[in-house]
Protein chains: 2
Amino acid sequence: MPKESDNAKGSDNAKGAIMPKGATMPANENPFIIENIQPCVDGGRFPVKREVGDVLTVTAAVFRDGHDAVNVLLKYKEKHDGGKWHETDMHCINPGLDVWSGGFRIEKNTRYLYTIAACTDIYRSWLNDATKKAQAGQNIKSELREGLILLENTIARVADEEDAAYLANVAAMLKKEMESSGKKKNPAGIKPSGRKSQDEILKIFSDSLLGDFMVRCAAREDLTEFAPALEVVADRVRARYAAWYELFPRSQGRAPGKSGTFKDCIARLPEIKEMGFDVVYLTPIHPIGITKRKGPNNCLTAGPGDPGSPYAIGNAAGGHKAVEPGLGAIEDFREFERACRAVGMEIAMDFAINCSPDHPYVSKHPDWFFKRPDGTIKYAENPPKKYEDIYPLNFYAPGGAWESLWVEMRDVILFWVNQGVKIFRVDNPHTKPVPFWRWLIEDIQREHPDVIFLAEAFTRPPMMRALAKAGFTQSYTYFTWRNFKGELTEYFTELTQSPAAEYMRGNLFTNTPDILPKMLQEDGRAAFKMRLVLAATLSSVYGIYSGFELCENSAVDGKEEYLNSEKYEFTVWDWDRPGNIKDFIASINKIRRENPALHLYKNLRFYQADDENILFYGKSTEDGKNIVLVAVNLDPFGTHDSLLHIPIDEFGIKPDENYELHNLITGQRSLMTGNQFHVSLNPDIESSFLFRLERWGEKEEKFDYFGM
Amino acid sequence: MPKESDNAKGSDNAKGAIMPKGATMPANENPFIIENIQPCVDGGRFPVKREVGDVLTVTAAVFRDGHDAVNVLLKYKEKHDGGKWHETDMHCINPGLDVWSGGFRIEKNTRYLYTIAACTDIYRSWLNDATKKAQAGQNIKSELREGLILLENTIARVADEEDAAYLANVAAMLKKEMESSGKKKNPAGIKPSGRKSQDEILKIFSDSLLGDFMVRCAAREDLTEFAPALEVVADRVRARYAAWYELFPRSQGRAPGKSGTFKDCIARLPEIKEMGFDVVYLTPIHPIGITKRKGPNNCLTAGPGDPGSPYAIGNAAGGHKAVEPGLGAIEDFREFERACRAVGMEIAMDFAINCSPDHPYVSKHPDWFFKRPDGTIKYAENPPKKYEDIYPLNFYAPGGAWESLWVEMRDVILFWVNQGVKIFRVDNPHTKPVPFWRWLIEDIQREHPDVIFLAEAFTRPPMMRALAKAGFTQSYTYFTWRNFKGELTEYFTELTQSPAAEYMRGNLFTNTPDILPKMLQEDGRAAFKMRLVLAATLSSVYGIYSGFELCENSAVDGKEEYLNSEKYEFTVWDWDRPGNIKDFIASINKIRRENPALHLYKNLRFYQADDENILFYGKSTEDGKNIVLVAVNLDPFGTHDSLLHIPIDEFGIKPDENYELHNLITGQRSLMTGNQFHVSLNPDIESSFLFRLERWGEKEEKFDYFGM
C-alpha cells in the first residue's frame, strides 16, 4: 500500500498534544523485522573473520506485517575507505521461515561493514494484486489507475533524462489507453474496437524491464536497515592457510657455546623451505637481561657464558626495538627477512611483553611498572613463585601512564612492520587487558591489514575466545592435550563448527619450547608422524617447533618440558641426524599444498570408523572437486583395523557408482563401489591413511554420440 | 594491582599528541569481559518475561586479564520508577568457564532493568597474594605496608563517621605494630617480645568483617558494566497460569433468533466457574455493521433478522468504544465485569481492528483508511477474495494520519481498561506493524502493568515470535494442528525449552470459532477429553471455545470450520445436553489448581513411553515437592498399552526406593519401586493417565530415636 512521499509527518509537538503521557512514538517508516543475521558474533559486538577470495554469505529472517512483496538487500562497504555502500539482492531461500540469503565476494584485505536492508516492493505488490483480480475476471479499472499513478510518481524521481523520457512515454501511452477505455464504458476484459483490453494494458505494466526499472527507482520510503552494521575482518589467505616452523635463531649455529646468527638462519632456509613450510617463526631476538639471568634448565643462577632466556627482554644494548648483538645487527635481520621472502616464506616474530630489570624502559619509564610502597619496582610473581628476571608492565598504570605505554607497544609492532615483519606471535596475551588488544590490532591493521596476530594463550576457553573476538587472527589451541578419538572429535567439531569458528582460527602446534607432550615422549617416530598428520590436516594452519623433525623427545623427568631447553642455552643441532622425519614432513606439506580442501578451516567433518583407535575425517572444497579423507591410528603402540564408512551420500556418489581412492602418501590407488573401506594401520609402517577421493570418469550416456 | 584513584587521566588532547592517527584510545577502566548473559533475547534487543514471585536467575561469563580476585554483581531496578539500582552478589558456579550466577526475586508487576557489573577486588587480591607469600615463609613487610595503604585510602572514602573511626583504629593499630616491627629488624615470622609477628598482623588484615567492609567501601575504579541494561517484563501470575473459556455473549440467551444479553452472561457465570475457568473471553461486543453484513454460514447477504459477524465492527450506535445494543448498555457490561470478578474470574476482551463501512471512523477519520484513486475507501481484500463488510485501517496512513490512528487504538484499550478489562485477545496482530504493538503494549503497561495481551496470529513462526518479542504476553500456537507423538514432542520442546520460551507463552486453545480441528470432528468424547488433557497439562495457560464441553463437532463439509457458526447467527445452546464433559473439565481444572507444577510453563519434560501412540511427559516444581506425570493415548480409536519409563533419577529417587503414584483422575494409588510402570489406555474409558508422584514417608533411620 503506497505511502505518499511528499507528506510531512506531524511534528513532535503535535505528537505531544495527542499523547499526554507515555512512550515516545516510534517512527512508522521501519516496519521490517530483520533478525537472526548469520554470520554475526554476539549480536554484532565483534567482527567475524573471512579471507580474501571468500564469498561472505549472509542469511537472516526478514519480514513485515501483511503480504506485500518485498525487496531485501545485502549492503556492504569497506570500513575505513569512507566510501559508499554497495548493494546486492538477497533471495528468499525459505519462505516458511522468511529466510533470505545473499553474498558478496571479498576482494580486498581490509575490514568491511555489512548489513541488511528491506523495503516494500510497492510496484510488484500492486502488480501481483491487480493480476490476481484480472485473472479472476474482476474489473480492475481503479487498479490500473493506481498503477499509472505509481509510474507518474516515479518519473518525478528519476534523475536520468533518457530514463524519465522512457517512463513518460509508457505512462502517456497507458494513460491514453485507459482514458479511452474509460469513456466507452466497455465491460471488463472486452476489447473495444482498436482499443486495448484491461488484460492488454496490464500486460504492459507487467513488462519485466519496466518492473526492474520501477524497483530500481523506488522511493523506498519504508526502507528498514539493521543497525549498527556488522563487521567482517577480511584477512589475507595466509591467516587461514600456512605451515609454521618455530626456531631459536641462536641455535642455528655450528659452534658449541656460541650464539648462532641471522646469517646461520639464512643458511638454514633452503632446508626449511624443502620441508614445505611457509612461516619461519623466531623466538624473541632482542637483547637479553643480565640481572637475575636464568641458567641452563631454568636454574636461578646463570654462568658467565649462559645466554639467558630470550623472554627476559632488554639490556643496555636496547629493548623491544633492538636486536641481540650475538645474532647480528638489525641489517642482518633485514637480510634474513629478505632471504625468507625470496624463497616464498615469511617471518613471524615473537611479541613478548616482558622486561628484564635491565630494559631501557625501567629507567626511562618507571611509571609503566608496578611499584612497592618504598618506590622500588616489583618483579613478576605468581605467589609464592617469583620471577625476578622479569619486571611486568602495568597496563593500567595510573596517572595516564598507561596511555603512553599502550602507544609504545603499538609502536614496537610498527617498528617491526617497517622491517618487513607481518606476522606476530603474541606471548601470553591473556595477562594484558583485552581492550588493549582490540585497540592495538585494529590500529595496526587499519594501515597494515596484512599483519597477522597469533595469540599464545593456553588459558580458559572464554578468555581464548575473547582474545579472538578482540581481533587476534589466530589462536593456539589445546591440541597437544587432545589425543583420543572422543576428545579430538569433540574439540575439533567445536573449533571448526561452533559459532566460535566465525572469528577464531586454531593454529595447531605439535610442540612448543614449553610443551613436549607426553604422547611424543612415550613413543618415537610413529607418534611424531601421527601427530604431524593430525596437526596438518585437522586445521589449515599448523606449526612445529624445531627438533620435532628430529623426533627430539628428551624431557625433564615427569614433566612435559624439554630437558636442556634451548630457552636457556646455546644448542647446536645435527639437522640430519638419523631417525629424522624431514621427508615425511615434506610429503605431508606437499599434499597440503596440492589439495585445496586442506587450505580451508571450517570444512572439517568427522566420519564413522568402527575402531575406537582410528579417527576418520575429511575435508572437501565447496565445489566438491577436491575431497581429502584421513584415517589416523591414534595408538602409536599397536596396529588397528577398521571399517571406514565413506560418506558417499555427502559427496553425491550413488551406491552403485565407481570412484577411486588415491593414497596420497604411498601413491597407491583403489577402485571403489559403495561406502565401505577397510584399513589396517600399523604404526611401525604408517599410522595414517591420507587419500583423495576421485570421481570416476563419465559414463557412456553422458556423451553426445551415445544417442546418435 | 591497585590503581590510584586521585590521578587524573591524560586529557584528550594529550592522547591526540601521542597518537598521530588511528583509532580512538579506549578507556582502560573497563577491563572485564561480560558475555553470554542468560536470559537475554537477541543480544538485549527485547525483554525477557517472568511473573511476580519468580526469582530471575542470571548467569554470564565474567573475567578479566590476570588472576586478581573479582567481585561480580547483579544490578536491577524498576524501569519506570526513576529510582536507584539494587545490587546483589553473583557467585562463580563454573570457574573453568568463568560462569557466574545470581538472582533476585521479582516482587512487583512491572518492568525491570537488569545488568551485570564486575570490578577487581583489590583488597582480597592483595590479601590472597600476601597470604601465599607468608605461608611460604617469605618476608612480607612491603606487602603489609601495601595493605595499610589500602586501608588508609579507604578511610578517606568512607562517609559514615563511625565506620571511618573503626577503620582508622584498625589502621592506627596496624601501623604501630608494623613500624615497631620494622625498627627491630626482626627476621620474618619471628615474634619480637611484646610485638606481633607478620603472621599475626596478617591475621588482623584477614578478619572477614574487615574484608567485607573493604569490599563494600571499595573504590571500584575498574567497574565494568554490561550496557545497555537488559529488561524483564514481570507480568502477574495469570499471564502464565489460567484456564480460558471463550463465548459469544449473544449466544448465552434462551430465546431463538434473539440476542443473548450481558444479563444472560451473568446467569452463566456459576456454571463456567464450576468448570474451573479463570478467564471468560468474549468475542467482540461492539455494534455490528449493516452494509454488506454477512448472513448465516458466511453467506454474502444477510436476512433482516441476521445479526452479522461481530468482527465487522461499528455502526451508527458507535464503534470500538461502544457496546452492541442487543447485548445491553455499557452499565450492563460493567455489571457483568463486576460479577465475573466477584466469583474470582475476569474478562478477556477481543480487540479486533476491523471497521465495517458504517463505523464512525469512516466519516470522522477517512484519512485512516486506504483509498482508491477516485477517493473512495477500499474494502479488505486478499485478491481475488473480497471482504466488502470490512474497511481495513492503514497503520502507515500518510500525512501523519497514522499517528492519530495509533493513539486512538491505544485509547480504545485504555477505555476498556477503565471499564475493568485487563486482558485483551488481539485479532490478527500480524497484519499490523510490529513497532505499533511494541509501542502500544509498553505504553499501556507503563500505567497498567497488569494488562495482558494475547496475540491471535496463526502465521509463520518468525512473525509469531516477533510479536511475542514486541510485547505480547501470550501467543496462540499451532496446537490444534499437532496431534501425533513426534510432532507434539518436537513442538512443545521448542515452545517450552528453546530460547523463545524466555519471551513467548503459548496459550493452547483446543478449538476456536474458526477452528474445529479434524481430530475433534472424527471422534466424539474420547478425542475431546484427550485434547483437553493435552491442552491443560502441556501448557500452564489454555482455553476452550464454548461448545467444546458439549463435544460439539458439526463441521462444514471437508473443512475445519463449524457448521452454522455462532459468528453469523444467534445460537441457543442446551448447556446440559447429553454427552457433555463438563464434569471431566471441572476435574482437570481442579487437578491443575491443586498441583503447582501445572502452574508453570517452562518445566515441561518428555519421557519415554515405548508405544508410539502414547505420549508421556511431566512437570515438577523446582523444589521437587510437586511432581505430575501425564500419559496420553493419542489415538481416540483404540486401546494402547505401554511401558512408561519413570525418570526417577531426575527426581532423586533411588532404584530401590519406594514411592507412590496417585492417579489424580480416578483417585487410585499404586506403590512403586523402580522406574517401570505399565499402562493400558482405553479411550472408551479414559485416554489419559494423570498422576502425582509422591515420595514415600521417611525410613526409620531418619528419626532421632533410631539411634537412641
Side-chain angles (χ1 to χ4, degrees), chain A residues 1 3-4 7 9-10 14-15 18-19 22-23 25-26 28 30-31 33 35 42-43 61 63 65-66 96-98 129 132-133 136 138 142 145-146 149 370 372-374 383-384 394-396 398-400 402-404 406-407 430-435 438-439 442-443 446 460-463 466, chain B residues 1 3-4 7 9-10 14-15 18-19 22-23 25-26 28 30-31 33 35 42-43 61 63 65-66 96-98 129 132-133 136 138 142 145-146 149 370 372-374 383-384 394-396 398-400 402-404 406-407 430-435 438-439 442-443 446 460-463 466:
Chain A
M1 287 102 181
K3 288 164 35 188
E4 288 164 39
N7 273 306
K9 292 276 153 54
K15 284 183 206 173
I18 352 178
M19 295 177 40
M25 201 99 184
N28 86 336
N30 305 134
I33 309 294
E35 59 177 22
D42 290 6
F63 53 96
D65 52 298
L97 294 175
D98 299 300
D129 283 359
K132 282 180 197 160
K133 290 177 192 176
Q138 295 173 13
S142 176
R145 283 191 60 197
E146 276 182 8
I149 293 168
F370 293 96
R372 297 192 189 85
D374 68 1
N394 182 359
F395 282 80
Y396 303 96
W402 66 270
E403 281 179 315
S404 54
W406 289 25
V407 169
H430 58 292
T431 60
K432 287 88 194 170
V434 176
R438 190 167 191 183
W439 164 77
E442 180 158 14
D443 204 47
R446 183 177 295 106
R460 303 184 299 286
M463 176 56 99
Chain B
M1 287 103 181
K3 287 164 37 187
E4 288 165 37
N7 274 306
K9 293 276 154 53
K15 284 183 206 175
I18 353 178
M19 296 177 39
M25 200 100 184
N28 86 336
N30 305 134
I33 309 295
E35 58 177 22
D42 290 7
F63 53 96
D65 52 299
L97 294 175
D98 299 300
D129 282 359
K132 282 180 196 158
K133 291 176 191 177
Q138 296 172 12
S142 175
R145 283 191 59 195
E146 277 182 6
I149 292 168
F370 293 98
R372 298 192 189 84
D374 67 2
N394 182 0
F395 282 80
Y396 303 96
W402 65 272
E403 279 179 315
S404 54
W406 290 26
V407 168
H430 56 294
T431 59
K432 287 89 194 171
V434 176
R438 190 167 190 184
W439 163 77
E442 180 159 13
D443 203 47
R446 183 177 296 106
R460 302 184 300 285
M463 176 56 99

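Predicted model, so just to flag it, every value in this text is computed and none were measured. Chain letters run A, B, ... following the sequence lines, proteins first, then strands; residues in each count from 1.
Chosen from B:Arg372, B:Lys432, B:Arg438, the residue pairing most often with chain A at heavy-atom distances under 4.5 Å is B:Lys432. In terms of non-hydrogen atom pairs under 4.5 Å with chain B, the most contact-rich of A:Pro433, A:Pro373, A:Ala136 is A:Pro373. Ranked by heavy-atom pairs shorter than 4.5 Å toward chain A, the options B:Ala466, B:Gly96, B:Gly43 are led by B:Gly96.
With sequence neighbours left out, the side-chain contact (heavy atoms from CB on, under 4.5 Å) criterion links B:Pro461 to A:Leu97, B:Arg465, B:Tyr478. Listed by chain and number, the residues in a side-chain contact (heavy atoms from CB on, under 4.5 Å) with B:Asp98 are A:Arg460, A:Pro462, B:Phe63 (sequence neighbours excluded).
At least one donor-acceptor pair under 3.5 Å links the side chain of B:Gln138 to the backbone N or O of A:Pro384. One N or O on the side chain of B:Trp406 and one on the backbone of B:Phe395 form a donor-acceptor pair closer than 3.5 Å.
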